[in-house]
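Every chain is numbered from 1 and lettered A, B, ... according to where its sequence line falls, protein lines coming before strand lines.
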2 protein chains.
Amino acid sequence: MLTNPPKMSPAANLRSDAGLASALRVTLARLNRRLRRQAAKHSLTATQLATLAAVERHSAITPGELAEQEKVQPPSITRVIAALDERGLIARSPHPTDRRQVTVSVTEAGLALLKEERRRKEAWLAQRLKELTPEEKTVLRQAAQILEKLSKI
Amino acid sequence: MLTNPPKMSPAANLRSDAGLASALRVTLARLNRRLRRQAAKHSLTATQLATLAAVERHSAITPGELAEQEKVQPPSITRVIAALDERGLIARSPHPTDRRQVTVSVTEAGLALLKEERRRKEAWLAQRLKELTPEEKTVLRQAAQILEKLSKI
DNA sequence: CGTATATAGTTAGCAAAGGTAATGAGACAT
DNA sequence: ATGTCTCATTACCTTTGCTAACTATATACG
C-alpha cells in the first residue's frame with residue numbers, strides 16, 4: 001500500500017544537477033501554463049505575440065531565420081506568419097536578391113499593437129514580480145540570462 | 001520604412017519589472033519548447049510524466065486536487081489520468097467517503113517507471129547544466145524556488 | 001548550356017494538450 | 001423528497017508543434 005512516502009516538493013533535492021533539472025522542468029512547465037492562460041486574454045496568442053516581437057527586433061527577417069530564432073520548425077512559423085499577415089500586423093515582401101526567400105516586417109498596425117499591448121503585456125508576471133523582494137528580483141534577472149543561454153543551444 | 005531600430009535582445013532592459021517580465025516570458029516559452037521536444041523521446045509525454053510524479057507525491061489524490069496542483073482544468077487532467085490508467089501506471093479507486101470522487105495512486109509499475117525514467121529524465125537539461133559554472137547553478141537553484149513560488153499563485 | 005542537386009517556403013496531415021459546455025451521479029440542505 | 005451544488009467525465013473545438021511531401025528558385029558541374 002502506498003502510505004505517502006516521505007516525499008517533498010519539486011524544489012526539494014536541488015543539490016544534484018538532476019534534481020535541479022527536474023525541479024526546473026516541472027516549474028517551467030507550470031509557469032508557462034499560467035502565462036499562456038494570461039496571454040489568452042489578449043488579442044493575440046502567446047506565440048503570435050512572441051513572433052511579432054521577434055519580427056520587430058529583426059526587421060526584414062526571413063521565415064527561416066525566424067524559425068531558428070524561436071526554436072521552431074519552419075512550417076510552424078509559416079502558420080504564425082500567415083495569421084499575423086491576415087491581421088495586417090506584418091507584411092511579406094519578396095527578398096531583394098533571392099526569389100525563393102521572403103522577408104517579413106512589422107507594419108504600422110503591428111507596431112501600434114505591440115506598443116499598446118506591451119504596456120499590459122506582462123501584467124500578470126510583472127504584478128507577481130512586484131511582490132518579490134529586491135534580492136529575489138536580482139536572482140531572477142541573473143537567472144533570465146542563464147536560462148536564455150540554455151534555450152539557445 | 002523600418003530600418004531596424006536600435007532594438008536589443010530579449011534579455012536587454014532587465015532593469016524594469018516589465019522588462020524582466022517580458023524577458024522571462026519569452027525565455028520560458030522557448031526553453032519549454034526545447035524541453036518538450038526532448039521529452040517527446042521518452043515513453044510518456046511531458047504532461048503525463050509531470051502528472052505521474054504529482055500523483056506519486058500525493059498518494060490517494062483526487063483528480064480535482066490534481067488539476068489544481070497542475071494549474072489545469074479538470075477535463076485536462078481526466079484525459080491524462082485515463083492515459084496513465086490505460087498503461088497501468090496509476091489506479092483509480094473509489095473515494096472512501098464520497099462516491100462522487102475518485103482517488104488516484106501510483107501502481108508498482110508506475111513507481112518503477114518513475115524510478116527508471118527519473119535517471120534519464122532530465123538528461124538534456126542536466127547536460128546543459130553541467131556546462132554552467134557553479135555560480136550560475138547557484139543562481140538557478142535560487143531561481144527555481146522563486147519561480148516555483150510564482151507558479152503556485 | 002543543361003541537367004542535377006540543394007535550399008526556402010509552403011501545404012497537407014497528424015498528434016498533443018489545453019479549454020469550455022454539457023452530462024450524470026452522488027451529496028446535502030431545507 | 002426535492003432542489004441545488006459538486007466532482008468527474010464526455011464531447012467537441014482550438015492552438016501549436018511536428019514530419020513528409022511539394023513547388024519554385026538558386027547553384028554546381030559535366
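Side chains of Q142(A) and E136(B) form no contact here, defined as non-hydrogen atoms less than 4.5 Å apart. Taking 4.5 Å as the limit, every side-chain heavy atom of V55(A) sits out of range of all side-chain heavy atoms of L89(A). Annotation: side chain of L20(B) is in contact with side chain of L24(B) (closest heavy-atom distance under 4.5 Å). Counting only heavy atoms from C-beta outward, the side chains of L111(B) and K115(B) never approach each other to under 4.5 Å. Counting only heavy atoms from C-beta outward, the side chains of V26(A) and R30(A) approach each other to under 4.5 Å. Side-chain contact between L113(A) and L44(A) is present, with at least one heavy-atom pair separated by less than 4.5 Å. Taking the side chain as every heavy atom from C-beta outward, T138(B) and E135(B) never approach each other to under 4.5 Å. Between S93(B) and V102(B) the shortest side-chain heavy-atom distance does not fall below 4.5 Å.
Of the residues in residues 75-89 of chain B, those placing a heavy atom less than 4.0 Å from an atom of DNA chain D are P75(B), T78(B), in numerical order. Residues from residues 94-104 of chain A that place a heavy atom under 4.0 Å from any atom of DNA chain D, listed by number: T97(A), D98(A), R99(A), R100(A).
Atom CG of residue L52(B) and atom CG of residue L114(B) lie 4.0 Å apart, to the nearest 0.5 angstrom.
When rounded to the nearest whole Å, the span between CD of E68(A) and P of dA8(C) equals 10 Å. Here the C1' atom of nucleotide dA17(C) and the CG atom of N32(A) are 13 Å apart, to the nearest Å. The interatomic distance linking L66(A) (CG) with dA8(C) (P) rounds to 14 Å, in whole Å. Look at CD on Q73(A): it is 19 Å from P on dA12(C), rounded to the nearest Å.
P63(B) comes within contact range of the sugar-phosphate backbone alone, with a heavy-atom separation under 4.0 Å but no base atom that close.
Side-chain N or O atoms of S76(A) include none that pairs as donor or acceptor with a backbone N or O of V72(A) at under 3.5 Å.
Checked for salt-bridge contact, D85(B) and R92(B) meet the test: a charged N lies under 4.0 Å from a carboxylate O.
Using a 4.0 Å cutoff to heavy atoms of chain B, the contacted part of DNA chain D runs 5' to 3' from dT6(D) to dC18(D).
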